[in-house]
Amino acid sequence: MRENKQPKLYIVIPCYNEEKVLPITAPMFKKKIEDLIGAGKISGDSRVLFVNDGSKDATWEIIQSLAKADRCYSGVSLSRNRGHQNALLAGLMEAKEQCDITISIDCDGQDDINAMDAMVDEYLDGAEIVYGVRSKRQTDTFFKRFTAESFYKVMKWMGADTVFNHADYRLVSARALKEFANFKEVNIFLRGMFPLVGFKSTCVYYERAERIAGESHYPLSKMLALAFDGITSLSVKPIRIITGLGVGISVVAFLLIVYALIAYFTGNVVSGWASSLIATCFLGGIQLIALGVIGEYVGKIYMETKARPRFIIGERTDEEK
Ligand code: UDP
Ligand code: MG
């Protein structure tokens with residue numbers, strides 16, 4: 001148990017083109033904060049922090065007017081769209097200086113905000129990171145459920161171990177975030193990186209609902225891109241699999257050479273044409289895949305050595321006051 005001080009909570013919410021949902025969900029987040037304050041679990045100056053990820057619609061204007069009307073809301077706006085992970089990181093880095101705990105959540109109302117009570121309880125019990133885990137996926141279509149669950153399985157098999165069925169709904173203490181700030185990489189996959197920070201952590205289970213309004217920004221193509229980024233930023237297992245394949249194929253190639261030699265000495269030279277053609281094509285294909293995967297890692301190294309800023313904040317609602 002922690003000493004008897006109520007932590008200051010920031011709910012951090014990345015928003016990209018969410019003008020349809022924001023007016024509905026913003027009051028829900030505020031109410032949750034008020035309930036938690038009422039229950040004596042968090043301090044009275046807890047707030048909601050929106051991160052506008054370069055939206056093209058009225059999202060930032062909505063955030064600004066929310067912040068103007070109510071001190072409970074605040075917002076930062078990125079200079080352009082950088083994607084969900086970078087937007088969330090920007091919000092967490094902003095919040096860590098101002099609060100004791102953060103809870104990150106999407107703004108579409110899919111994640112059950114009532115799980116926040118249990119998250120805060122776990123923090124009060126000593127956990128520094130609390131992962132929100134989906135207990136069921138009943139509201140998803142079969143296709144979404146199948147692709148999403150395969151995502152976690154393939155990730156795990158490829159050496160990028162993440163908490164199963166945990167997305168980016170989690171409580172992280174400012175203490176853990178300050179350590180996390182030392183992870184300087186630009187290819188970020190937050191749900192795979194937070195377990196690397198360590199400290200006491202635990203899970204809270206909840207059911208995920210359907211989006212209240214608007215559309216998902218994670219179609220299959222983006223999910224595949226996220227999985228690929230997750231694997232290559234957390235693990236070198238694909239390279240090792242390729243090395244293994246290379247060894248296996250070399251053994252087969254060696255046997256083929258022995259076969260070719262025997263054929264040569266027994267005078268059957270022309271009959272080897274088909275098998276050598278197959279072997280050449282096969283090796284050519286495998287080599288291209290291998291080069292591609294290695295190229296992917298070289299590309300990542302290239303991006304990392306440039307060490308460009310991961311996000312740039314263009315505006316803050318707090319500065320206007
Ligand atoms: N998001 C963002 N930048 C982007 C895409 C999405 O900040 O480029 C935010 C979005 O506003 C939402 C969250 O990330 O709050 C998750 O996106 P979405 O709900 O579309 O994904 P899904 O829940 O369908 O996986
Ligand atoms: Mg969503």
Side-chain angles (χ1 to χ4, degrees), residues 10-26 28-29 32 48-63 66 73 75-95 102-113 115-116 132-134 136-152 155 162-170 187-192 206-230 310-315:
Y10 264 44
I11 300 181
V12 180
I13 308 170
C15 307
Y16 175 60
N17 291 349
E18 301 282 13
E19 62 182 7
K20 285 204 190 106
V21 218
L22 215 48
I24 309 170
T25 51
M28 292 163 61
F29 293 120
K32 180 88 277 178
V48 180
L49 172 66
F50 295 106
V51 183
N52 171 40
D53 184 17
S55 301
K56 294 181 180 61
D57 63 3
T59 301
W60 180 235
E61 285 70 37
I62 296 173
I63 294 171
L66 283 169
Y73 298 115
V76 296
S77 182
L78 301 193
S79 56
R80 66 177 177 93
N81 179 249
R82 290 302 310 267
H84 175 210
Q85 298 286 297
N86 291 74
L88 183 51
L89 178 72
L92 293 174
M93 292 301 110
E94 184 81 5
T102 61
I103 294 181
S104 54
I105 187 166
D106 295 349
C107 77
D108 56 15
Q110 281 191 283
D111 300 310
D112 180 12
I113 54 174
M116 288 187 188
V133 176
R134 305 174 58 168
K136 284 190 217 129
R137 282 184 174 264
Q138 272 166 350
T139 53
D140 282 346
T141 59
F142 171 78
F143 182 70
K144 174 87 186 179
R145 188 166 57 214
F146 176 75
T147 49
E149 290 190 346
S150 311
F151 171 96
Y152 294 100
M155 296 279 302
T162 51
V163 179
F164 190 72
N165 265 344
H166 160 69
D168 282 301
Y169 184 21
R170 76 186 145 254
N187 292 289
I188 50 173
F189 183 63
L190 298 175
R191 67 188 81 163
Y206 71 98
E207 278 172 41
R208 193 156 145 128
E210 274 170 66
R211 213 172 213 286
I212 288 183
E215 268 169 23
S216 169
H217 302 101
Y218 269 104
L220 185 62
S221 58
K222 269 206 185 175
M223 200 150 84
L224 287 177
L226 185 68
F228 206 75
D229 267 356
R310 297 178 288 184
F311 53 83
I312 295 168
I313 291 177
E315 270 178 81

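One-based numbering, in listed order, for ligands and for the atoms of each. Numbers for residues simply follow the sequence, beginning at 1.
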Colleague: Check whether D112 reaches the backbone of E207 with its side chain - one donor and one acceptor, N or O, closer than 3.5 Å.
Modeller: no
Colleague: Are there any protein N/O/S atoms under 2.8 Å from the Mg ion (ligand 2), and if so, which?
Modeller: D108 OD2, Q110 OE1
Colleague: For Y16 and N81, which I'm curious about, is there any donor-acceptor pair between the side chains at under 3.5 Å?
Modeller: no
Colleague: Is a donor on one side and an acceptor on the other found under 3.5 Å between the side chain of T25 and the backbone of D108?
Modeller: no
Colleague: Is there side-chain contact between Y169 and D106, with heavy atoms separated by less than 4.5 Å?
Modeller: no
Colleague: Any donor-acceptor pair under 3.5 Å linking the side chain of Y73 with the backbone of A26?
Modeller: yes
Colleague: With distance as the sole test, does E19 use its side chain to make a donor-acceptor pair with the main-chain N or O of A58 at under 3.5 Å?
Modeller: yes
Colleague: Sort out for me which residue in V51, N52, V48, I13 forms a side chain to side chain contact (heavy atoms under 4.5 Å, CB included) with I63.
Modeller: N52
Colleague: Would you mind writing out a table of all protein N or O atoms found under 3.5 Å from any N or O atom of ligand 1, naming both atoms and giving the distance to 0.1 Å?
Modeller:
residue, atom, partner, partner atom, Å
ligand 1, 3 (N), D53, OD2, 2.6
ligand 1, 3 (N), H84, N, 3.4
ligand 1, 8 (O), D53, OD2, 3.4
ligand 1, 8 (O), N81, ND2, 3.2
ligand 1, 11 (O), P14, O, 3.4
ligand 1, 11 (O), Y16, N, 2.9
ligand 1, 11 (O), E18, OE2, 2.6
ligand 1, 15 (O), P14, O, 2.8
ligand 1, 15 (O), C107, N, 3.1
ligand 1, 19 (O), D108, OD2, 2.6
ligand 1, 19 (O), R211, NH2, 2.8
ligand 1, 20 (O), R211, NH2, 3.1
ligand 1, 20 (O), H217, N, 2.4
ligand 1, 20 (O), H217, ND1, 2.8
ligand 1, 23 (O), Q110, OE1, 2.9
ligand 1, 23 (O), R208, NH2, 2.8
ligand 1, 24 (O), S216, OG, 2.5

Colleague: Does the S104 side chain pair with the main chain of D168, one donor and one acceptor, at a distance under 3.5 Å?
Modeller: yes
Colleague: Can any side-chain N or O of N17 pair as donor or acceptor with the backbone N or O of S55 at less than 3.5 Å?
Modeller: no
